[in-house]
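Shown next, in structure tokens, is the structure this report addresses.
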Protein chains: 2
Amino acid sequence: MEHDFYRILKGLKLKVTPKRIAIMEIMAAEKTYMSPDELRSKLKQRFKNIGLPTVYRNLEELAKEGVIIKIIHPDRKLYYFYCHRKEHHHHFVCVSCRRVEDITFCGMEEIKKEVEDGLKGHMVSHMLQVYGFCKNCLIKQVVSQ
Amino acid sequence: MEHDFYRILKGLKLKVTPKRIAIMEIMAAEKTYMSPDELRSKLKQRFKNIGLPTVYRNLEELAKEGVIIKIIHPDRKLYYFYCHRKEHHHHFVCVSCRRVEDITFCGMEEIKKEVEDGLKGHMVSHMLQVYGFCKNCLIKQVVSQ
DNA sequence: GTTTTAAATAGAAACGATTTTCATTTAGAT
DNA sequence: ATCTAAATGAAAATCGTTTCTATTTAAAAC
């Protein structure tokens with residue numbers, strides 16, 4: 001696992017620093033999205049002086065390369081999560097526990113068709129975010145009633 | 001038209017102030033999304049002391065009621081545009097001129113099915129944003145080459 | 001039409017997430 | 001072991017947005 005991260009950083013021509021490795025480790029192990037500040041709290045256990053700009057810079061670099069995904073939450077803050085899959089897909093975000101799960105289907109072919117045939121425009125990208133309750137949180141809701 | 005706005009505000013139990021009417025007029029006439037600050041610039045032509053908090057408050061109130069749509073742009077700033085249609089639909093945003101056009105189709109039924117049957121979760125909402133070049137901007141691109 | 005009162009507003013100040021600056025440290029090439 | 005460009009921490013700056021408070025105004029009550 002450590003070697004994967006090493007290889008990824010080499011591939012991106014980024015220096016292999018202990019902090020970069022730690023950031024990737026923590027992100028990859030976490031199933032929910034994280035704010036830069038939450039990530040820093042976790043990093044502080046290993047590096048007590050780690051600065052927030054370092055966290056922001058690294059998350060942004062990794063996001064630019066698609067190693068992690070940046071999401072812009074309705075609260076307008078940034079969140080990130082590690083992206084294990086490389087194919088095009090979207091995400092389901094649990095509004096309760098913030099767990100992120102993959103969605104395979106995305107009807108973008110039809111929408112692209114509507115944009116290009118109907119509106120005579122050209123679609124270059126899209127962003128889809130699906131919110132709800134995941135399996136675990138549904139169970140908890142039933143139990144707590 | 002003025003009477004439509006009057007009726008809408010009455011329906012929302014908001015006081016009918018000249019600034020509210022002006023905000024709705026300007027937003028409804030504009031085919032592109034606008035930042036609060038851009039809207040204030042336009043309002044200043046009529047009300048030279050209008051404050052930015054007033055613009056933010058009014059946009060937020062109207063957005064809460066669905067009269068205008070709030071979008072969270074990838075730049076993390078807020079933008080708004082007037083929503084002429086009331087049925088569920090999504091928007092195509094031209095990345096060049098920022099014109100907003102409606103998209104009728106949205107494959108959410110399939111995605112909802114995937115979330116509920118596949119992930120055993122419960123979907124409560126979604127957000128879809130489609131980016132590209134509109135018809136006019138495609139023409140300009142061709143012309144300028 | 002006048003009075004009343006609750007909502008709307010302007011202006012100034014506060015807020016807070018993110019970014020920049022700059023001096024210091026460190027990875028990795030020579 | 002030395003060198004150089006990249007990475008980092010700390011502090012400060014930035015800037016879109018929100019809060020606070022005193023004043024004004026729409027419109028309900030009289």
Side-chain angles (χ1 to χ4, degrees), chain A residues 2-3 5-26 33-65 67-68 70-80, chain B residues 2-3 5-26 33-65 67-68 70-80:
Chain A
E2 170 103 16
H3 286 85
F5 301 145
Y6 189 93
R7 194 165 33 74
I8 290 171
L9 289 176
K10 282 293 181 194
L12 302 179
K13 298 197 163 61
L14 294 172
K15 286 189 180 174
V16 179
T17 67
K19 281 157 197 164
R20 284 214 171 103
I21 295 288
I23 286 172
M24 296 176 87
E25 272 175 16
I26 293 171
Y33 57 88
M34 243 184 294
S35 69
D37 197 60
E38 287 165 346
L39 175 56
R40 183 168 76 149
S41 296
K42 290 179 194 286
L43 286 165
K44 281 220 166 181
Q45 298 168 10
R46 291 198 232 170
F47 309 96
K48 76 174 181 358
N49 288 328
I50 190 166
L52 211 31
T54 297
V55 177
Y56 275 94
R57 270 182 304 235
N58 280 299
L59 286 171
E60 192 54 34
E61 280 159 353
L62 294 173
K64 193 179 298 173
E65 303 296 340
V67 176
I68 61 179
K70 166 160 70 168
I71 65 176
I72 296 164
H73 201 267
D75 68 8
R76 261 180 306 109
K77 286 190 256 176
L78 297 176
Y79 294 91
Y80 296 86
Chain B
E2 168 104 13
H3 286 84
F5 301 147
Y6 189 93
R7 195 165 32 74
I8 289 171
L9 290 176
K10 282 294 180 190
L12 302 179
K13 297 199 164 62
L14 293 172
K15 286 189 182 177
V16 179
T17 67
K19 281 156 196 164
R20 284 214 172 105
I21 295 289
I23 286 172
M24 296 176 87
E25 272 175 16
I26 293 171
Y33 57 88
M34 244 183 295
S35 69
D37 198 59
E38 287 165 345
L39 175 56
R40 182 167 78 148
S41 297
K42 289 179 193 285
L43 286 165
K44 280 219 170 185
Q45 297 168 9
R46 292 198 230 170
F47 309 96
K48 75 175 183 355
N49 288 326
I50 191 165
L52 210 33
T54 298
V55 177
Y56 274 93
R57 262 181 275 130
N58 278 299
L59 286 172
E60 193 53 35
E61 279 159 353
L62 294 173
K64 192 179 298 172
E65 302 297 339
V67 175
I68 62 180
K70 165 160 71 169
I71 66 177
I72 296 164
H73 200 268
D75 69 7
R76 264 182 300 109
K77 286 189 256 174
L78 297 177
Y79 295 91
Y80 295 86

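Scope of the values below: all heavy atoms of this structure, side chains included, with no hydrogens, waters or symmetry mates. Below, read A as the first sequence line, B as the second, and so on, with proteins coming before strands; counting in each chain starts at 1. Bear in mind the structure is a predicted one, so any value in this text is a computation, not a measurement.
- We find that NZ of B:K70 is positioned 11 Å from C1' of D:dT17, with the value rounded to whole Å.
- The CD-P distance, from B:E61 to D:dT18, rounds to 12 Å in whole Å.
- The side chain of A:R20 has D:dT8 as its nearest neighbour among D:dT8, D:dT18, C:dA8.
- Checking the phosphate oxygens (OP1, OP2) of C:dG11, a side-chain nitrogen or oxygen of B:N49 falls inside 4.0 Å.
- Between A:L52 atom CG and C:dG16 atom P the separation is 15 Å, expressed in whole Å.
- Comment: B:E38 does not engage B:K77 in a salt bridge, judged by the lack of any side-chain N to carboxylate O separation of less than 4.0 angstrom.
- Looking only at side-chain heavy atoms (C-beta outward), A:I21 and A:L9 come within less than 4.5 Å of each other.
- Residues passing the ring-ring contact (aromatic ring centres under 6.0 Å, His included) test with B:Y56: none are found, sequence neighbours excluded.
- Side-chain N/O atoms of B:R76 include none lying less than 4.0 angstrom from OP1 or OP2 on D:dT14.
- Put simply, the side chain of B:R40 gets close to the backbone of B:I50: a donor and an acceptor are under 3.5 Å apart.
- Atom CD1 in B:I23 sits roughly 14 Å away from atom C1' in C:dA10 (whole-Å rounding).
- Here the P atom of nucleotide C:dA13 and the OH atom of B:Y56 are 19 Å apart, to the nearest Å.
- The nearest whole Å value for the distance from the NZ atom in B:K77 to the C1' atom in D:dT18 is 17 Å.
- Between the CZ atom of A:F47 and the C1' atom of D:dA7 there is a distance of 13 Å, given to the nearest Å.
- Distance from the side chain of B:P53 is smallest for D:dT18 among the nucleotides C:dT19, D:dT18, D:dT17.
- Closest to the A:T54 side chain, of the nucleotides D:dT8, C:dA10, D:dG16, is D:dT8.
- If you check every strand for non-hydrogen atoms under 4.0 Å, A:R57 touches a base.
- Rounded to a whole Å, the CE atom of B:M34 is 17 Å from the P atom of D:dG16.
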Passes side chain to side chain contact (heavy atoms under 4.5 Å, CB included), A:R76 versus B:L78? Steps please.
CA-CA 9 Å; A:R76 261 180 306 109; B:L78 297 177; 3.4 Å; yes
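- Among the atoms of the strands shown, only primed sugar atoms or phosphate atoms (P, OP1, OP2) are found under 4.0 Å from some heavy atom of B:N58.
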Per-nucleotide protein contact string for nucleotides 24-30 of chain D (B base, S sugar-phosphate only, - none; heavy atom under 4.0 Å)
--BS---
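- With values rounded to the nearest 0.5 angstrom, B:L39 atom CG is found 5.5 Å from B:I26 atom CD1.
- Between B:M24 atom CE and B:I8 atom CD1 the span is 4.0 Å, to the nearest 0.5 Å.
- Taking for each of A:K19 and B:L78 the nucleotide of DNA chain D with the nearest heavy atom, the 5'-most of the two is the partner of A:K19.
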